[in-house]
Amino acid sequence: MGVTKENVEASLKAKLNPSHLEVVDTSGGCGASFVVEIVSEQFEGKRLLERHRMVNAALEEELKEIHALSIKKTVTPEQWKQQQEANQSNAAA
């Protein structure tokens with residue numbers, strides 16, 4: 001059995017304590033490809049590359065079996081809040 005969405009979520013929750021986490025299995029259920037969107041205070045003061053490395057490190061074991069990992073967003077809670085407010089403003093316009 002390959003890596004499941006739940007495996008990815010559990011590892012990210014345990015290691016990065018996200019306030020928002022979205023994991024999508026884009027492999028059709030075989031666990032070979034995932035898209036991740038994550039909001040964590042641990043990203044504060046970190047550059048994008050460092051944030052992506054943190055996600056990869058949190059998924060070290062899972063990455064041995066995953067074929068593709070797309071990290072869609074790695075933002076701080078404040079950045080997430082600003083993005084959500086901007087999206088709501090654009091939707092209302």
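Leu16 and Val39 are assigned to two separate hydrophobic clusters, defined by single-linkage of ILVMFWY side chains at heavy-atom distances under 4.5 Å. Leu69 and Val35 are assigned to two separate hydrophobic clusters, defined by single-linkage of ILVMFWY side chains at heavy-atom distances under 4.5 Å.
Residue pairs satisfying the ring pair (Phe, Tyr, Trp, His ring centres under 6.0 Å) criterion with at least one member in residues 53-78, sequence neighbours excluded, are absent. Under the side-chain hydrogen bond (donor to acceptor under 3.5 Å, both in side chains) criterion, the residue pairs touching residues 20-41 are His20-Glu37, Asp25-Ser27, Thr26-Ser33, with sequence neighbours excluded.
Interatomic distance, CG of Leu59 versus CD1 of Ile71, reported as 7.5 Å (0.5 Å rounding). Rounding to the nearest 0.5 Å gives a distance of 10.5 Å between CZ of Arg53 and CG of Leu48. A distance of 11.5 Å separates CE of Met54 from CG of Asn56, quoted to the nearest 0.5 Å. The line from NZ of Lys46 to OG1 of Thr74 is 12.0 Å long, rounded to the nearest 0.5 Å.
For Asn17, the side-chain contact (heavy atoms from CB on, under 4.5 Å) partners two or more places apart in sequence, or in a different chain, are Gln42. Every residue two or more places apart in sequence or in another chain that forms a side-chain contact (heavy atoms from CB on, under 4.5 Å) with Leu21 is listed here: Glu9, Leu12, Lys13, Pro18, Val23, Val36, Ile38. Shown here are the side-chain contact (heavy atoms from CB on, under 4.5 Å) partners of Gln83, two or more places apart in sequence or in another chain: Lys73, Val75, Trp80. Scanning for side-chain contact (heavy atoms from CB on, under 4.5 Å) contacts around Thr76 gives Phe43, Glu44, Arg51, Glu78, Gln79, with sequence neighbours left out.
Side-chain contact, Ser11 with Glu61: no donor N or O sits under 3.5 Å from an acceptor N or O.
In this structure, the side chain of Asn7 engages the main chain of Thr4 through a donor-acceptor pair within 3.5 Å.
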